Visitor: 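The structure that follows is given in the form of structure tokens.
Note that the coordinates shown come from a computational prediction; the quantities given were computed from them, not determined experimentally. Order of appearance sets the numbers: ligands from 1, and atoms from 1 within every ligand.
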Amino acid sequence: MKTPKRIQPLVEAGLVDEVLRRLMSGKEADVFVVRCGDEIRCAKVYKEAAKRSFKKAALYQEGRKVRNSRRARAMEKGSKFGRKQQEETWQSAEVDALFKLANAGVRVPQPHICLEGVLLMELVTDEDGDVASRLSDVSMSEEQALEDHALVMHYVKLMLCAGLVHGDLSEFNVLVNQDGPVIIDLPQAVDAAGNNNARSMLERDIENMNHYYGQFAPELLNARYAQEMWQLFEDGELTPETELTGQFKVEEVAADVDSIMEEIKAAMEEEQERLERIKDANNPE
Ligand SMILES: Nc1ncnc2c1ncn2[C@@H]1O[C@H](COP(=O)(O)OP(=O)(O)OP(=O)(O)O)[C@@H](O)[C@H]1O
Ligand SMILES: [Mg+2]
């Protein structure tokens, strides 16, 4: 097909040889299948900020570290330069997250480079070389659902150990091939320790997964991986080796009823004495 204008800089840089076809047109990006030498890859072209929701971006970006202070100041001011900087930060967030997560052992598309708002990465395919299905288009046995759900929970745990929460994990952002689930779509990944919304995003991400796999394995509907993971994370005890159970109990210290009754009795006696003293003072003999 004719090279889209936005991919032209990558062709000029020698990174892409040919654009084969458009794969998807999503809310935030257009995705193309491209040829790089003798490899077939995926090019994700981010849409401009104006076409995305900025209110949402602010929620996700809280706590995200911007290394360059001139950039940080410009972003705060919201100037044109600031918006451009914010745009670049948003775009580079996905490639940064992909490198970080691939290193941490999470199955994600192998990233190559992000240039001029285009992310070049591995095209996830199935055994026949066709583009992998989205989880939303796949149904499975109970056994398979339990196995894949456990693997996704393992990935979510590795992400959290690497300091990230996906923030938009759903059956539309997980691909599936013969090797199991692959996590995609990470420009909004949030900083687990610095973002006040991280906990609720983790809960929502996991809830989505429980709900999807729960269609095939209903026992997953009551699993409590989010609470379990967050508690361990907060206590500094979550490691890549942590074995998750999906069970979570709020710690309750058994109330010591006897001593509470003693306290109440003593307080009542004291009050009685006080009333009697007042009565005596008011009725001197
Ligand atoms: N590396 C990849 N390999 C194969 N298919 C991919 C890859 N990346 C994206 N896709 C396909 O393109 C679709 C859109 O990609 P992605 O979710 O990253 O972008 P998006 O614009 O945020 O989409 P949406 O708004 O629909 O979530 C995916 O659902 C998937 O079908
Ligand atoms: Mg998506």
Visitor: What's in the same ILVMFWY side-chain cluster as I184, cut-off under 4.5 Å, chained through other members?
Guide: V124, L175, V182
Visitor: If I take atom CG from residue D148 and atom CZ from residue F216, how far apart are they, to the nearest 0.5 angstrom?
Guide: 10.5 Å
Visitor: Which distance, rounded to the nearest 0.5 Å, do you find between the CD1 of I206 and the OH of Y225?
Guide: 9.5 Å
Visitor: Within a radius of less than 6.0 Å around CD of E270, do more than 12 heavy atoms belonging to other residues, nucleotides or ligands occur?
Guide: no
Visitor: Who are the residue neighbours of ligand 1 when the rule is a heavy atom under 4.0 Å from any of its atoms?
Guide: L23, M24, G26, K27, E28, A29, V31, C42, K44, P109, M121, E122, L123, V124, V131, R134, F172, N173, L175, I184, D185
Visitor: Do you know which two heavy atoms are closest between Q188 and G167, and how far apart they sit?
Guide: CG-C, 4.3 Å
Visitor: Do any protein N, O or S atoms sit under 2.8 Å from the Mg ion (ligand 2), and which ones are they?
Guide: N173 OD1, D185 OD2
Visitor: For residues 206-222, which residue pairs qualify under side chain to side chain donor-acceptor pair (under 3.5 Å), counting only residues two or more places apart or in two chains?
Guide: H149-N210
Visitor: One thing to verify: whether K279 and E276 come together as a salt bridge, which I'm taking to mean a side-chain N less than 4.0 angstrom from a carboxylate O.
Guide: no
Visitor: side-chain contact (heavy atoms from CB on, under 4.5 Å) for V174 and L169? Distances and angles first, verdict last.
Guide: CA-CA 7 Å; V174 176; L169 191 62; 3.9 Å; yes
Visitor: Would you call E203 and R199 a salt bridge, using N to O less than 4.0 angstrom?
Guide: yes
